[in-house]
Novice: 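Please read through the structure below; I'll follow up with questions.
Letters A, B, ... mirror the listed sequences (proteins, then strands); counts begin at 1.
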Protein chains: 2
Amino acid sequence: MTPPRQRPADRPSRERRRASHSIEAVLGAAVELLDEAGEPALTIRGLASRLGTGVGSVYWYVSGRDDLLDRAVDHVLAGVLAEIERHPGTGDPVDELRRMAVTLFDAVVDRPWLGSRFMRGIDAEGNSLRLYEELGRQLLRLDLTPLQRFHAVTAVLGVVVSAAADLGQEPPQAVVDGLVEREEYLGRYATNWRALDPGEYPFLHDVVDAFDGHDDKQQFLAALDLTLSGLHLQADRGRGPDAPAEGP
Amino acid sequence: MTPPRQRPADRPSRERRRASHSIEAVLGAAVELLDEAGEPALTIRGLASRLGTGVGSVYWYVSGRDDLLDRAVDHVLAGVLAEIERHPGTGDPVDELRRMAVTLFDAVVDRPWLGSRFMRGIDAEGNSLRLYEELGRQLLRLDLTPLQRFHAVTAVLGVVVSAAADLGQEPPQAVVDGLVEREEYLGRYATNWRALDPGEYPFLHDVVDAFDGHDDKQQFLAALDLTLSGLHLQADRGRGPDAPAEGP
DNA sequence: CGGATTATCGAACCGAGTTCGATACTAGAA
DNA sequence: TTCTAGTATCGAACTCGGTTCGATAATCCG
């Protein structure tokens with residue numbers, strides 16, 4: 001179905017009359033576009049134009065826009081993985097897990113277009129899978145059942161995914177437009193909340209001040225810590241329930 | 001900017017020569033389309049066609065596809081909210097929280113197109129906000145700081161969001177196409193994992209059996225329990241750290 | 001009756017993904 | 001050298017879908 005992939009960059013000894021590319025060049029340009037203006041900015045035409053080529057050429061390297069996006073994600077994930085793998089690995093497994101999750105989160109903050117796509121690659125061998133393995137490996141040193149380990153990794157990555165979902169919906173346009181409204185944009189939420197009936201929305205009024213000065217990273221860390229302390233508890237309990245289905 | 005909204009359904013006493021609609025009819029048809037074939041199936045033309053009208057009419061009720069999607073989500077959220085509000089409210093706050101999260105999760109399983117959009121409405125008054133309030137209200141009965149409460153609700157909803165993200169990427173096509181491959185589809189993951197080098201992927205081999213028979217709901221419940229037990233711990237500790245920034 | 005408002009409608013515009021056939025370049029075979 | 005098959009490149013054109021816009025009808029109100 002897909003054409004046989006093979007990098008043509010090996011021998012550009014003689015200048016070709018026509019533009020010569022490579023999958024790396026394509027991915028690099030794609031990441032550039034994504035970094036500049038987010039996911040919607042990645043168009044086949046725009047990419048071809050940046051590469052100085054035609055749309056047809058792009059389709060020789062990737063099977064479509066979706067494939068392109070997946071490969072771009074995998075491409076930058078290589079860097080994240082390198083960052084994650086550069087670590088002692090001797091510390092407390094839970095702390096290691098936290099460090100890795102934070103690294104991943106930081107990457108998503110840098111590139112919101114990673115969105116929740118970074119977990120889409122666990123079917124095939126790739127950096128998503130390696131990431132998954134890397135996180136899970138820490139859990140091997142904990143006294144848990146395999147099922148518990150599987151659930152734990154999913155849960156930790158889930159915290160990153162949900163944070164990414166939050167990040168991804170923030171205004172890509174307002175930042176580009178007026179620089180003033182960035183601070184005001186978030187404040188408007190709080191203002192709206194304060195205008196609500198305290199009798200009908202007691203909780204919102206309770207937390208509105210905390211929300212007003214909220215920091216995405218703190219929020220993420222708090223959620224992560226809840227999951228990790230739950231995990232710690234589970235590990236200390238020494239294989240409690242959960243593993244096999246004992247109910248009906 | 002947007003035309004003043006006002007339901008015209010109040011007085012259809014006399015039959016009009018031209019088709020007459022209402023925002024409810026539009027939303028109902030939109031939900032139908034979404035339920036039938038997922039998010040990509042919601043097209044303005046398709047919706048107009050189902051309503052027996054033209055595309056222009058749709059734009060009188062909604063400002064665009066995004067708005068339409070948001071309203072459709074809010075529309076079905078009303079039902080979820082009703083389900084959530086029908087409860088004693090006397091039990092353990094954490095248990096109540098779990099029950100609500102599960103209800104929400106079930107709704108997302110039913111309608112994967114809810115995706116992670118159901119948290120997009122917390123700026124304006126709507127069912128998203130009410131949901132948020134409803135969840136958070138349970139936390140008022142726990143000994144936590146407002147910031148801790150805020151983080152806790154976000155964390156719990158985050159578990160649902162990440163589960164929704166998982167659900168949303170499953171094959172909408174394969175189910176429609178061959179009914180045979182549903183079971184095989186998930187099994188392929190496990191098969192691929194088993195084919196990997198155990199030395200390079202020790203964790204994957206450790207959990208592959210657990211993964212093979214994995215159940216989305218169990219997975220969600222496990223992640224939820226980790227967060228909730230972390231929360232329980234935090235509440236029992238009686239306002240530990242987290243609230244003010246004490247570090248540098 | 002006569003504007004003003006409320007609604008309805010679809011042709012047309014536009015951007016974007018994808019397809020396809022034409023073409024060029026290269027490496028080997030004859 | 002010439003032929004040929006495989007490797008790459010290229011952009012016109014097709015399709016689909018969101019959105020705009022002006023025409024038109026129905027209704028309300030003075």
Novice: If we ignore hydrogens and angles and just use 3.5 Å, is the side chain of Thr154(B) paired with the main-chain N or O of Phe150(B) as donor and acceptor?
Specialist: yes

Novice: Would you give a per-nucleotide map of nucleotides 12-19 of chain C, 5' to 3', where B means the base has a protein non-hydrogen atom under 4.0 Å away, S means only the sugar-phosphate does, and - means neither?
Specialist: B---BBBB

Novice: Could you tell me the separation between the CG atom of Leu68(B) and the C1' atom of dG18(D), rounded to a whole number of Å?
Specialist: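 After rounding, the gap between these two atoms is 12 Å.
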
Novice: Please state how far atom CD1 in Ile23(B) lies from atom P in dT8(C), giving the value in whole angstrom units.
Specialist: 11 Å

Novice: Do the side chain of Ser128(B) and the main chain of Phe118(B) share a donor and acceptor less than 3.5 angstrom apart?
Specialist: yes

Novice: Counting only side-chain N and O atoms of His21(A), is one of them less than 4.0 Å from OP1 or OP2 of dC10(D)?
Specialist: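 Affirmative; the distance criterion is met.
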
Novice: Can you tell me the distance, in whole Å, between the OH atom of Tyr61(B) and the C1' atom of dT19(D)?
Specialist: 19 Å

Novice: Compute the bend angle of the helix from dC1(C)-dG30(D) to dA30(C)-dT1(D) from the end axes (five pairs per end), rounded to 10°.
Specialist: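 Comparing the axis at each end, I get an angle of 20°.
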
Novice: Once the angle between the rings of Tyr61(A) and His21(A) is folded into 0 to 90°, is it parallel (under 30°), tilted (30 to 60°) or perpendicular (over 60°)?
Specialist: perpendicular

Novice: I need the minimum non-hydrogen distance between Asp212(B) and Gly187(B), along with the two atoms involved.
Specialist: OD1-CA, 4.0 Å

Novice: Which whole-number value in Å describes the distance from Trp60(A) CH2 to dT7(D) C1'?
Specialist: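 It works out to 6 Å between those atoms.
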
Novice: Round to the nearest Å and state the distance from Leu47(B) atom CG to dG17(D) atom C1'.
Specialist: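 My rounded result for the distance is 13 Å.
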
Novice: Ignoring hydrogens, what is the shortest heavy-atom contact between Val26(A) and Leu47(A)? Give both atom names and the distance.
Specialist: O-CD1, 3.8 Å

Novice: Is a salt bridge present between Asp74(B) and Arg130(B), judged by a nitrogen-to-oxygen distance below 4.0 Å?
Specialist: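 No salt bridge links Asp74(B) with Arg130(B).
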
Novice: Is Thr53(A) near enough to dT9(D) that one of its side-chain N or O atoms lies under 4.0 angstrom from OP1 or OP2?
Specialist: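 For dT9(D), OP1/OP2 do not have a side-chain N/O of Thr53(A) under 4.0 Å.
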
Novice: Salt bridge or not for Arg137(A) and Glu200(B), using N-O below 4.0 Å?
Specialist: no

Novice: For the pair Glu39(A) and Arg65(A), find out whether any cationic side-chain nitrogen is under 4.0 Å from an anionic carboxylate oxygen.
Specialist: yes

